[in-house]
S.K.: 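Mind looking over this structure? Questions follow.
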Amino acid sequence: MNNSTPIIRVRNLVKKFGDFVANDHLTFDVFSGEIFGFLGANGAGKTTAIRILCGLSKPTSGEISVAGFNIYNQTEQIKRSIGYMSQKFSLYEDLTIAENIRFYGGIYGLKRKEIKTQTAILLEKLGMNDYRDQLIRDLPLGWRQKLAFSVAIFHNPKIVFLDEPTSGVDPITRRQFWNLIYEAAHNGITVFVTTHYMDEAEYCDRISMMVDGQIVALDSPGKLIQTYNAANMNEVFLKLARSSLTEVKA
Amino acid sequence: MRTILFILQKEFLQIFRNRMMLPIIFVLPLVQMLILVNAATMEMKNLNIFVIDRDYSTTSRKLVGKFAASPFFRITGQSTVLSDAESSMKRGKTDIILNIPANFEKRLVKENRAEIQFLINAINGTVAGIGYGYAASITSGFNREIVSEWQKIPAGTIGAQSIQVKSSFWYNPELNYKVFMVPAVLAILVTIIGAFLSGLNIVREKEIGTIEQINVTPIRKYQFVIGKLTPFLMIALVELGFGLTLGKLLFDIPITGSLFLLFGTAAIYLLVVLGLGLLVSTMAKTQQQAIFISYFFMIVFIMMSGLFTSTESMPDWALKVNVLNPVAYFIRLVRMILLKGSGISDIYRDVISLAVYGVAMLSLATWRYRKTV
C-alpha cells in the first residue's frame, strides 16, 4: 500500500432513488495497489456505490474521481482503465471460453495476436487448457467465476471492481478465487471488492463497513478488530450493525 | 472499426449457435408463402347463391343457368318461396339470393323491361360488394344477349351502335391475386425478421445481465448499435432473397424490375425497422415486454399497410397517419418494383422518405440507448 494520490477519490457521494437514500455522503479514498473491501449487509448500498464508480449509474451529488478521471464527464476514459465483474454472471453462456476471452479482449482494443498468446497463458494458469472450446454453460459455477474474473482483468486495467464475486461458491473455490485476487493485486491492479462474507473481509488490506447507506467504519481488518474489541470481523460487523439498529430505535 | 468486427463475430457465432435460428430463417418464409399467399385471397369463388324463381320461364331458367355456369357462384338451393332462401341465409348457407319475380319473361317481352332482385348478406361489406359486382356483370351480360337475340341483330354488331368499353389489365393481366400477395408477404417477412429478432436480441442481453458488462467497456454506442443490427440487416436481406426465390418457384411471380433496386430499397427500409427494434429494446426490460410492444406496432403497421386492403380507400386521417407507416411504403415499393418494373426515377421520393425515416429512427433509438441506468 502506498500513500501517494488516491486512485479512487470519493467525497460526499450521495445517491437517492426518490426518497430512499441508498448512499448517504460516502467519503473515502482507495490507494493504488491495495485490496479495498466494501462490506455490508444486503441492501446496505454496496452495489449502488460500485455501479456509480464504474460509470453504470450517475450519482445524485458528490465529487468522485476514478483513475484520475472525473465520474461526470470522463466516463469513457474511466471505462478504459477499469475492469468490472458484476453480481450477475457476465460471460456469454452460448460462447466457448476462448470466444468469450477473444470478444472481451477485442472490445478493449487488444490485438488478435496478443489475445491468442494471452489466452493460452491464462488457460494454462487456470488449468483449463483442454476446455478452451467448451461452452460456458457446460462449466461448473466455480470455474465460471474464476473465468469471469480473469476476463475482467484480461486487458490489464488499473482498477478492477468486483461485486460480490464469490456469492454462491463453495469455500475451496472461494479460497482459489482469492488467490487470483492476490495475484492481480501483486501485479499492480487495485482491487475494489464488495462482499457480505465477513471472513473474506480479513483478506483485504482495508475495509469500509457500510450500514444503511453510510460508512460506519473504515480501517484495516486488524485495527477494526482491535478497536471494536472483537475476535474476528464477523463480531465487528455485528457490533456495528447492532449499534446502528439501536440508534434507529432510539 | 476493429471493435465492431469483434462484436459482429460474437453476434454471428451466437445467432447461428441458437438452434431456433435456422428454422426461423428458412421455415418461416416457406410457411408464410404457402399459407398466406394461398389462403389470403380476395377473389370470390364459390359464393353461395339461392335462387327464387317464381317465373319459371325459358328466360328465367337461362338467367339461372348463367349463374350456375359461373365459377364465382354455386347454387345452393332453388325454391319459389322467399322465406326458404332467407332461412338458408340465416343459417349461413347462402350469401346471395337471386329473386326472379313471376311474369319476368312476360314483362320483358311486353314492356321491354323487367326487374330482378339481389338480396346480399353484407356482414362482410367487401364480400358483399364484390359478390354484387359479379352478379351484376353476369346480369348485364345476360341483358346484352337478350337484346341482341330479340332484336335479331347479330351479336357482333351491337358494339357498332354503342360505345364499347374494352378494358385491359396492366401489370397483372390475369388478375392473379397471388401476384399481388407475394410481394407483400415478402415485405412482412423482412419486417418481422428485422424488428423482432433485433429487439429481442438486445433485450436478451439485458435479461441475462451481459449488457452491464458491455456497458462498463469502452464500446461506443454507435459501435454497439452497428454491431448488433448489421447481422439482422444481412439476415433479413438473405431472407428476402430466399422468399423471392420461393415466390418465383411456387407462384411464378413476375420479377420485372431491378433486383439491385429491390435489395437496395430493402436495405434502406431495414434501417427503419431495425431502428424500431432497437427503440423497443431500450423501452423493454424483458423479452415478453419487447414482444408485446413490437406486436402492438406491427399489428397497426401491417393492418394499415395495404397488405390485404387498399390503402387508397382509407379515410383521410388514416392516410395521414400512414405517412408514418414504414410497412406501407415498403409493400408499395416492392409491388412497384417487382410487378411494374418501376425504376429509381419512379420511386425515389418514397425511397428518400424511407431513408430520412430510417436515419431519424436509428438516431432516436441510439440516443435512447443508455450505457448508464
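So you know, we letter chains A, B, ... as the sequences are listed, proteins then strands, and number each from 1. Computation of the quantities below employed the complete heavy-atom set of this structure, encompassing side-chain atoms and omitting hydrogens, waters and symmetry-equivalent molecules.
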S.K.: Using a 6.0 Å cut-off, check whether atom NZ of A:K16 has over 12 heavy atoms from anything other than its own residue.
M.R.: no

S.K.: Can you give me every donor-acceptor pair (side chain of residues 229-246 of chain B, partner residue at least two apart or in another chain, under 3.5 Å) with its distance?
M.R.:
| from | atom 1 | to | atom 2 | distance (Å) |
| --- | --- | --- | --- | --- |
| B:T230 | OG1 | B:I226 | O | 2.5 |
| B:T245 | OG1 | B:G241 | O | 2.6 |

S.K.: Check each atom of B:I4 against the heavy atoms of chain A and say whether the ones under 4.5 Å are side chain, backbone, both or neither.
M.R.: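 Neither the backbone nor the side chain of B:I4 comes within 4.5 Å of chain A.
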
S.K.: Nearest 0.5 angstrom please: B:Q213 CD to A:Y92 OH, how far?
M.R.: 8.5 Å

S.K.: If I compare all heavy atoms of A:S86 with all of B:E212, which pair ends up nearest, and what's the gap?
M.R.: CB-OE2, 3.7 Å

S.K.: Hey, is OH on B:Y295 packed in by over 12 heavy atoms from elsewhere, all under 6.0 Å?
M.R.: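 It does not: B:Y295 OH has 12 such atoms or fewer within range.
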
S.K.: What I'd like to find out is whether the side chain of A:E99 reaches to under 4.5 Å of the side chain of B:L13, using heavy atoms alone.
M.R.: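 Result yes, sub-4.5 Å side-chain heavy-atom pair found.
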
S.K.: Any chance OH of A:Y72 has more than 12 other-residue heavy atoms, nucleotides or ligands included, within less than 6.0 Å?
M.R.: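 More than 12 heavy atoms, drawn from other residues, nucleotides or ligands, come within 6.0 Å of this atom.
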
S.K.: Pick one of side chain, backbone, both or neither for A:S81, based on which atoms fall under 4.5 Å of a heavy atom in chain B.
M.R.: neither

S.K.: Strictly by salt bridge (Lys or Arg N to Asp or Glu O under 4.0 Å), give each pair with a member in residues 267-296 of chain B just once, sequence neighbours left out.
M.R.: none

S.K.: Select all residues of residues 16-32 of chain B having any heavy atom within less than 4.5 Å of some heavy atom of chain A, and report them by number, or 'none'.
M.R.: B:R17

S.K.: Should we say atom CZ of B:F292 is surrounded by more than 12 heavy atoms from elsewhere, each under 6.0 Å from it?
M.R.: no

S.K.: Tell me, side chain or backbone of A:L135 under 4.5 Å from chain B's heavy atoms, or both, or neither?
M.R.: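 For A:L135, the contact with chain B is made by the side chain alone.
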
S.K.: Determine, for A:D94 against B:R204, whether the closest basic-nitrogen to carboxylate-oxygen distance falls under 4.0 angstrom.
M.R.: yes

S.K.: How many angstroms lie between CD1 in B:I219 and NZ in A:K79, if you round to the nearest 0.5 Å?
M.R.: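 Going from the CD1 atom of B:I219 to the NZ atom of A:K79 covers 10.5 Å.
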
S.K.: Flag the one option from A:M85, A:E93, A:R80, A:H155 with the top tally of heavy-atom pairs under 4.5 Å to chain B.
M.R.: A:R80

S.K.: Suppose a student defines contact as a heavy atom less than 4.5 Å from any heavy atom of chain B. Which residues in residues 102-123 of chain A would they list?
M.R.: A:R102, A:F103, A:Y104, A:G106, A:I107, A:Y108, A:G109, A:L110, A:K111, A:R112, A:I115

S.K.: Is the number of heavy atoms from other residues, nucleotides or ligands within 6.0 Å of OH (A:Y131) greater than 12?
M.R.: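 No, the 6.0 Å shell around OH holds no more than 12 heavy atoms from other groups.
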
S.K.: Do you know which two heavy atoms are closest between A:L56 and B:N215, and how far apart they sit?
M.R.: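 It is CD2-CB, 3.5 Å.
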
S.K.: Between B:E205 and chain A, which part of the residue has a heavy atom less than 4.5 Å away: side chain, backbone, both or neither?
M.R.: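 Contact with chain A: side chain only.
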
